[in-house]
Amino acid sequence: MARVLTPQAEDFPRWYQDVIAKAELAENGPVRGSQVIRPTGWAIWERMVAEVDLRIKDAGAENASFPLLIPQSYLQREAEHVEGFAPELAVVTIGGGKELDEPAVIRPTSETVIGEFMAKWVQSYRDLPLLLNQWANVLRWEKRTRLFLRSSEFHWQEGHTAHATKDDARAYARRILHDVYEDFMVNVLAIPVVVGRKTVRERFAGATDTYTLEGLMRDGKALQMGTSHELGQNFAKAFDIGFLGGDGQQHHAWTTSWGVSTRMVGGLIMAHGDDNGLRVPPALAPVQAYVIVVKDGEGVAETAAQLHEELKAAGVRVKLDTRTDIPFGRRAVDAELRGYPVRIELGPRDLKEGNVTIARRVDGSKTPVAVGAVAKAVVEALEADQKSLHDAALAYREAHTADAATLAEAIEAAGDGFARLPWADCGVEGENEANAKGVSVRCLVRADGSVPDSEDEAGLVAYLARSY
RNA sequence: CGGGACGUGGCGCAGCUUGGUAGCGCACCCGCUUUGGGAGCGGGGGGUCGCAGGUUCAAAUCCUGUCGUCCCGACCA
């Protein structure tokens with residue numbers, strides 16, 4: 001077979017670009033750092049949106065929409081926040097041909113505008129918690145961009161909540177972290193993640209606590225797949241989000257923010273993809289089953305249409321391909337590039353036996369199945385492949401996670417995956433030293449794997465890795 | 001923003017050293033033959049060589065600048 005993609009082992013970054021180009025997921029836009037997400041890529045994102053949105057609503061948050069343009073002065077109200085974002089802001093200074101009295105920044109994130117409105121909407125402790133989310137695009141003038149992983153403009157979901165107490169805010173930030181993000185990543189994306197706490201150095205600008213979910217890509221580098229922050233009372237004070245408590249006193253609210261972005265598409269590609277292209281977990285896949293007519297013949301088109309309907313009725317997301325004017329090999333390779341989990345191949349040869357061929361993307365297997373048994377076989381295959389994709393990713397991560405006794409050892413081990421090192425043996429100095437060598441502390445976790453309340457807790461373990 | 005590489009039809013590249021006005025593979029269109037892993041043969045369309053200057057009778061080839069892309073590093077979802 002002709003070589004379609006650069007093999008991962010030969011040049012991983014090149015492989016990544018090849019997959020995106022050949023599977024027609026996305027390409028660069030005309031302005032540097034911008035990206036065009038093509039239908040195949042956007043369909044994947046839409047599925048992510050659907051699954052995450054469902055979980056966000058289960059967690060009680062409501063969707064709303066806030067403006068793209070934010071008065072520049074808003075950003076300046078929270079000292080660390082401005083400092084963190086100032087270098088990457090795009091600022092609109094002219095509108096309708098006239099210089100604006102106050103420049104407006106294109107949102108890099110919406111803590112500030114949303115804070116302004118929360119202040120209006122929250123008066124009493126009875127107005128809390130206020131649980132908001134918006135699906136939006138944001139813009140950060142990135143210096144070095146990569147499709148999906150880091151583009152200037154990207155799409156995401158940003159949740160913003162206000163609570164009466166610190167404990168309630170913390171509980172909610174953690175709830176999102178586990179019940180929305182971790183659940184989605186593990187059960188839908190089939191990507192095992194290390195869930196932990198960011199060090200002060202890696203914390204979000206303006207947050208008091210930042211939590212993260214770190215995935216391991218097939219080149220041994222870590223990817224931050226999502227974050228959830230406790231903002232303490234920083235933004236509440238800056239925007240005067242105050243409320244009258246049951247005690248008759250005025251209090252500042254405690255706020256949180258949390259987000260996942262189109263970066264997850266990049267994570268999906270790099271966590272599961274192989275030398276034949278993308279492998280999309282069935283639970284996520286926009287196209288789970290691909291009915292493909294290999295060759296025309298007696299009753300072939302009819303059976304294909306019938307299977308298409310049957311699978312649809314069985315709740316499978318299915319696509320029918322009857323384009324016999326395009327060689328079969330090309331269509332099969334395309335389907336593999338796009339990572340469709342299951343292909344149902346049929347032509348005269350199969351039908352003569354009363355069979356079709358079920359080809360599975362995960363392991364490349366092909367099995368003849370009786371026409372009448374297709375729906376059941378497909379559903380079973382989808383379920384099994386969801387699991388095997390996850391198990392393979394988990395096995396990969398375990399094989400690429402090393403326990404290190406010293407910082408030097410950890411930096412060495414981080415060349416090929418996660419290195420675990422007691423935080424006590426690393427510390428801020430160790431973190432700086434590792435950073436100088438291209439290795440960062442991805443997060444801190446407790447010995448039992450749970451998420452710490454503070455980085456000063458005893459017995460914490462640091463996960464170090466090279467990262468995207 | 002620092003270091004390196006590179007910009008030539010949609011994609012991948014050759015041509016540049018030794019200036020003379022553009023070529024190959026894939027893709028695309030038409031026809032026939034094909035169709036069980038990116039089909040074969042024949043015919044055809046498409047680029048002025050990232051952009052802007054300069055040198056020259058003449059520039060894809062030389063010089064300057066600029067923009068962009070990719071890789072590595074500093075910063076981020």
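Scope of the values below: all heavy atoms of this structure, side chains included, with no hydrogens, waters or symmetry mates. In what follows, chains carry the letters A, B, and so on, assigned in the order in which the sequence lines appear, proteins first and then strands, with residues in each chain numbered from 1.
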- Do A/Arg55 and A/Trp258 meet the cation-pi criteria used here (NZ or CZ under 6.0 Å from the six-membered ring centre, within 45° of the axis)?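 No, a cation-pi geometry is absent between A/Arg55 and A/Trp258.
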
- Face-on cation placement of A/Arg174 at A/Tyr211 ring, 6.0 Å and 45° thresholds: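 Yes, a cation-pi geometry.
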
Looking at [N], which nucleotide sits across from it as a Watson-Crick or G-U wobble partner, both distances under 3.5 angstrom, or is there none?
N     : result
B/U69 : B/A5
B/C75 : none
B/A59 : none
B/C13 : B/G23
B/C28 : B/G44
B/U34 : none

- Item | B/U8 versus B/G4 - spacing of their C1' atoms, nearest Å |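 Approximately 22 Å lies between the C1' atom of B/U8 and that of B/G4.
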
- Message: Using every non-hydrogen atom in the two residues, find where A/Val195 and A/His178 come nearest and quote the distance to one decimal.
- Response: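 It is CG1-CE1, 3.9 Å.
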
- Item | Contact state string [nucleotides 6-11 of chain B, B base, S sugar-phosphate only, - no protein heavy atom under 4.0 Å] | ------

- Note on the structure: Scoring nucleotides 68-77 of chain B by protein non-hydrogen atoms under 4.0 Å (B base, S sugar-phosphate only, - none) yields SSSSBBBSBB

- Just checking A/Pro348: base, sugar-phosphate only, or nothing, at a heavy-atom cut-off of under 4.0 Å?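 The answer is base, as A/Pro348 lies within the cut-off (heavy atoms under 4.0 Å) of a base atom.
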
- Going by heavy atoms closer than 4.0 Å, what residues in residues 279-296 of chain A are next to RNA chain B?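 Under 4.0 Å from RNA chain B: A/Val294, A/Lys295.
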
- Task: For residues A/Phe235 and A/His160, establish whether the separation of their ring centroids is below 6.0 Å.
- Result: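 Between A/His160 and A/Phe235, which both carry aromatic rings, the centre distance is not below 6.0 Å.
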
